[in-house]
Amino acid sequence: MYGYLLTALSAVLLPATADSFYSDKTSAIDSTRWLAARARVDSWITSMNTTEKAFIVTGTFSGTCIEDVAPIESIGFPGICLQDGPTGIRLADLASVFPAGVTTAATWDKELMYQRGSAMAAEFKAKGAHVLLGPVAGALGRSPWGGRNWEGFSPDPYLTGMAMDYSIRAIQDQGVQACAKHLIGNEQETQRKPTMINGKMVDSVSSNIDDRTLHELYLWPFADAVHAGVASVMCGYNRINGSYSCENEHLMTTLLKEELGFQGYVVSDFLATPQGVDPIKAGLDMNQPGPASLLPFIESHWGAKLVAAVANGTLSEQRLDDMVRRVLTPFVYLGQDKNYPTIDPSSGPLLYDSFGYQIPIPVTPAGRDVRSNHSTLIRDMAAAGTVLLKNENSFLPLNRSFKNIGVFGNDAADPSIGLLYPGTDGFEMGTLIMGGGSGAGRPSYIVSPLDAIKAYAKETGARVQYVTNNTAIAAGSLSGLYPWPDVCLMFLKSWATEGLDRRSLEADDNSAMAVDRLASRCPGKTVVITHSGGPDLMPWASNPNVTAILAAHYPGQESGNSIVDVLTGKVNPSGKLPYTIAAEASDYNTPIVNITGAAAEDSAAWQSDFTEGLFIDYRHFDQKNITPLYEFGFGLSYTTFDLVSDLTVSAPKSKVPTHPPVTNATLALGGNPNLWKTLVDCSTEVSNSGGLAGATVVQLYVSLPEESVPTGTPGRVLRGFEKVQLAPGETKKVSFSLTRRDVSYWDAASQNWVIPSGAITISVGFSSRDQRISSTVRLV
């Protein structure tokens with residue numbers, strides 16, 4: 001029963017590099033170690049009374065971490081500290097703010113994904129946090145208007161799944177529990193929670209998803225998370241097909257625990273647990289934050305009420321034991337019961353402050369400095385996640401002979417509201433390094449683009465002139481500049497946050513007019529840099545006076561240094577878009593459901609029907625033959641690359657069964673172990689045909705045969721990528737492995753993955769629309 005978790009959890013504690021996992025996709029596990037941890041937990045369970053068990057699974061708001069599990073003295077259990085979030089430990093002083101998930105995905109670099117998870121987890125552990133509430137696969141990014149897309153990785157499930165996998169393995173290699181969130185369909189912020197509307201409590205929005213779409217899109221990266229051995233999974237606030245995520249039995253038990261073999265614990269999002277024992281019977285294992293004297297309006301549905309439920313037979317003791325076992329076994333297995341760091345004293349005051357309580361703290365405790373040398377990784381990763389979209393006449397990198405550099409836009413300078421960003425309001429003046437809400441961090445410093453450019457100019461003997469007010473730029477108020485700059489760098493931003501979906505897909509603060517006005521004064525030498533959590537419309541992209549465009553995403557605390565590294569050529573840009581940028585907002589097919597007026601009072605009206613099925617992002621653009629402004633996977637470099645050999649494909653010599661063979665093996669996560677076995681190996685060669693060293697991402701797409709797949713199958717889907725660093729003139733071999741899952745579709749009738757008959761086309765290139773070579777394979 002518990003064997004599924006063994007497969008990956010034991011593996012993640014062994015020393016590993018980011019590439020070593022995939023020498024064998026069913027990595028060996030230390031089953032002896034896991035069974036020993038489980039046996040120890042079982043001995044604890046035997047010695048605990050029902051009250052103690054109930055409070056293992058019920059959060060205790062202690063005022064130190066965002067969520068807590070209280071100590072149990074009788075068994076020597078020290079408690080569990082859970083902390084936000086996916087870009088850095090939020091309730092901490094002297095900690096790092098890392099590049100956001102979307103920036104991580106834009107690197108398309110598995111090694112960097114792993115290093116980011118490892119460094120972040122090291123800081124969580126040093127601060128005494130046992131659980132890192134991340135990484136994020138929900139929101140997947142169905143709608144480009146989604147306010148929290150930036151916390152996750154990409155609307156492509158394969159790219160997100162790989163980022164989840166490497167992040168989780170890295171986090172848990174450090175002995176910190178990862179928590180994959182939010183399960184599932186949490187694809188908009190508008191009405192994501194039950195809300196009081198005109199004096200009436202209205203249910204949260206229901207994401208209505210058919211079975212195939214759920215498996216092939218939204219559950220896909222959670223399968224990767226389970227396969228990687230994730231310790232916990234967080235259910236969300238929204239409803240799925242009419243039932244709240246945290247009391248949805250089909251979601252938590254049938255799919256997650258049974259089909260995917262998940263043996264960790266399911267934890268609620270903050271205050272997301274419905275009343276009664278139904279959530280427990282549906283599969284919820286931990287209720288957070290639990291009872292809280294600080295928040296008297298919270299009525300705990302668990303705690304002492306679970307004791308009464310067991311006593312009156314409403315809840316079985318066996319189910320309560322199962323919950324406790326699921327919570328404590330990863331804790332013991334990851335070694336968190338031995339010499340774990342204490343909780344950083346600065347967490348408490350910061351927690352109180354995060355709720356808006358102005359509680360006097362007699363002595364403000366100093367936070368432990370856990371940043372180490374992570375600034376170097378953050379700087380490198382943000383540069384690697386910067387995508388060069390346009391570079392007319394090879395204008396970039398900047399010529400060192402430029403002695404007069406102009407810096408423009410309200411995203412260029414330091415934030416005028418301090419380092420900690422506001423909740424949902426955003427801010428006008430200052431650079432944007434991350435989004436808002438619980439997924440954000442608390443930076444101890446921010447390197448603004450303006451400061452970094454000034455530092456570069458000091459080295460080169462250049463002057464820097466700047467106007468950091470978009471209103472003034474749009475009005476043409478540029479008379480203070482003299483002489484006119486040799487280059488004009490325009491910095492734009494797009495605010496995104498938890499609790500609020502994006503109102504527009506254009507950058508904020510009259511950006512289009514500001515760019516056009518500046519470009520007219522700076523023809524042929526205007527460079528636009530965007531800081532955004534997702535796709536931005538760029539109505540000025542075709543302006544001939546806009547010479548270059550860089551999408552720098554949410555880069556973290558080293559923002560200015562990383563973008564100057566790219567602008568000056570210290571780093572050759574290698575980022576690729578993890579989403580599609582449309583020419584017009586109407587080209588996207590997934591608007592946010594937003595109901596206003598009297599109709600908003602009707603819970604039944606809040607339905608988000610995922611009728612597009614599998615056709616989101618580039619799949620939709622391909623299906624409708626819509627030309628994007630910049631396609632998924634696109635990104636330029638200061639050098640050029642070519643594929644210089646045919647695609648070689650190696651497959652089994654004999655036909656394979658259409659359905660994965662049934663296996664009695666239990667030591668596997670992510671479902672049937674045969675889904676994770678390699679069926680096809682592919683390889684090609686890539687060459688740097690330009691004059692500069694650089695890296696590119698070779699991407700593999702799979703097209704299933706139209707004649708033997710159900711209606712609604714995309715024309716091609718991403719199923720492999722490798723980032724390759726090459727010196728000028730150098731050629732390297734690039735290899736890909738395709739698993740059974742990679743070449744299958746989900747058949748709702750048989751409730752299984754099916755390999756279709758006919759020729760499966762495998763194509764390789766440099767973006768979703770730049771496929772250079774292809775081959776076919778027949779497997780059944």
Side-chain angles (χ1 to χ4, degrees), residues 7 22-26 156-158 161-162 210-221 223-224 226-227 255 258-261 613-615 619 622-623 646-666 668-684 699-721 735-765 768 771 773-780:
T7 299
Y22 287 96
S23 58
D24 180 357
K25 284 187 169 63
T26 54
D156 181 82
Y158 183 90
M162 295 302 289
D210 68 85
D211 189 42
R212 184 184 179 194
T213 298
L214 189 147
H215 277 84
E216 293 192 33
L217 273 185
Y218 301 100
L219 190 64
W220 181 289
D224 285 288
V226 174
H227 187 248
L255 295 178
E258 294 176 359
E259 183 181 313
L260 297 184
L614 301 175
F615 295 102
R619 302 157 176 235
D622 289 348
Q623 180 203 26
D646 293 334
L647 181 65
T648 62
V649 177
S650 175
K653 294 181 180 179
S654 57
K655 300 299 182 183
V656 301
T658 56
H659 294 68
V662 176
T663 175
N664 293 324
T666 57
L669 285 166
N672 187 328
N674 285 302
L675 291 172
W676 301 93
K677 290 185 176 180
T678 296
L679 291 184
V680 181
D681 288 306
C682 310
S683 65
T684 186
Q699 303 165 37
L700 181 147
Y701 293 79
V702 166
S703 300
L704 298 182
E706 291 185 27
E707 68 274 11
S708 56
V709 294
T711 302
T713 300
R716 59 174 170 263
V717 293
L718 180 72
R719 288 294 183 261
F721 62 91
S735 299
F736 304 92
S737 295
L738 298 177
T739 66
R740 172 178 280 273
R741 185 178 67 146
D742 292 333
V743 292
S744 299
Y745 67 89
W746 178 259
D747 179 51
S750 64
Q751 288 292 287
N752 211 337
W753 292 93
V754 176
I755 298 176
S757 60
I760 298 171
T761 300
I762 302 168
S763 57
V764 174
S768 63
Q771 299 298 291
I773 56 177
S774 66
S775 185
T776 60
V777 64
R778 294 176 182 267
L779 296 173
V780 300

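The shown structure was predicted, so the numbers you read here are calculated from the model rather than taken from an experiment.
Going from atom CG of L669 over to atom CG of D224 covers 11.5 Å, rounded to the nearest 0.5 Å. The structure places CG of D156 at 8.5 Å from CG of L217, a figure rounded to the nearest 0.5 Å. With rounding to the nearest 0.5 Å, the separation of CG in N752 from CG in D747 is 8.0 Å. One finds the OG atom of S703 at 9.0 Å from the CG atom of D622 (value rounded to the nearest 0.5 Å). Atom OG1 in T658 sits 11.5 Å away from atom CG in L779 (nearest 0.5 Å). Here H227 contributes atom NE2 and R741 contributes atom CZ; the two are 8.5 Å apart, rounded to the nearest 0.5 Å.
Of all heavy-atom pairs between P660 and W753, the closest is CD-O, 3.1 Å. In this structure, D210 and G613 approach most closely via the heavy-atom pair OD2-CA, 4.4 Å. Shortest non-hydrogen contact noted between R212 and P710 is NH1-CB, 3.7 Å. Of all the heavy atoms in T761 and S774, the pair that sits closest is CG2-CB, 4.4 Å. Heavy-atom minimum distance, G758 versus R778: CA-NH1, 3.4 Å. Annotation for V226 and G261: closest pair CG1-C, 4.4 Å, computed over non-hydrogen atoms.
The shortest side-chain heavy-atom distance between L214 and L255 falls under the 4.5 Å cut-off. A heavy-atom distance below 4.5 Å is not found between the side chains of Y218 and P157. The closest side-chain heavy-atom distance from I760 to V680 is not below 4.5 Å. Looking only at side-chain heavy atoms (C-beta outward), R719 and T739 stay at 4.5 Å or farther from each other. N672 places a side-chain heavy atom less than 4.5 Å from the side chain of T663. Looking at heavy atoms from C-beta onward, D681 lies out of side-chain contact with S735 at the 4.5 angstrom threshold. The shortest side-chain heavy-atom distance between T713 and E706 does not fall under the 4.5 Å cut-off. Residues V717 and L614 fail the side-chain proximity criterion, which asks for heavy atoms closer than 4.5 Å.
Annotation: D646, atom CG; neighbour count of heavy atoms from other residues, nucleotides and ligands within 6.0 Å does not exceed 12. Residue Q751 qualifies as enclosed at atom CD: its count of foreign heavy atoms under 6.0 Å is above 12.
Judged by distance alone, with hydrogens and angles left aside, the side-chain atoms of S757 form no donor-acceptor pair with the main-chain N or O of V780 at under 3.5 Å. At least one donor-acceptor pair closer than 3.5 Å links the side chain of W676 to the backbone N or O of G670. Remark: the backbone N or O of L718 is not paired with any side-chain donor or acceptor of Q699 at under 3.5 angstrom. Between the Y701 side chain and the S763 main chain, no donor and acceptor come within less than 3.5 Å of each other. Not one N or O on the side chain of T684 forms a donor-acceptor pair closer than 3.5 Å with the backbone of L647. The main-chain N or O of P661 is found under 3.5 Å from a side-chain atom of N674 such that the two form a donor-acceptor pair.
Remark: S708 pairs with no residue by the side chain to side chain donor-acceptor pair (under 3.5 Å) rule, at least two apart or across chains. Not counting sequence neighbours, R740 has no partner by the salt bridge (Lys or Arg N to Asp or Glu O under 4.0 Å) test.
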Walk me through whether L738 and L700 qualify under side-chain contact (heavy atoms from CB on, under 4.5 Å).
CA-CA 10 Å; L738 298 177; L700 181 147; 3.8 Å; yes
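The aromatic rings of W220 and Y158 sit tilted, their planes meeting at an angle between 30° and 60°.
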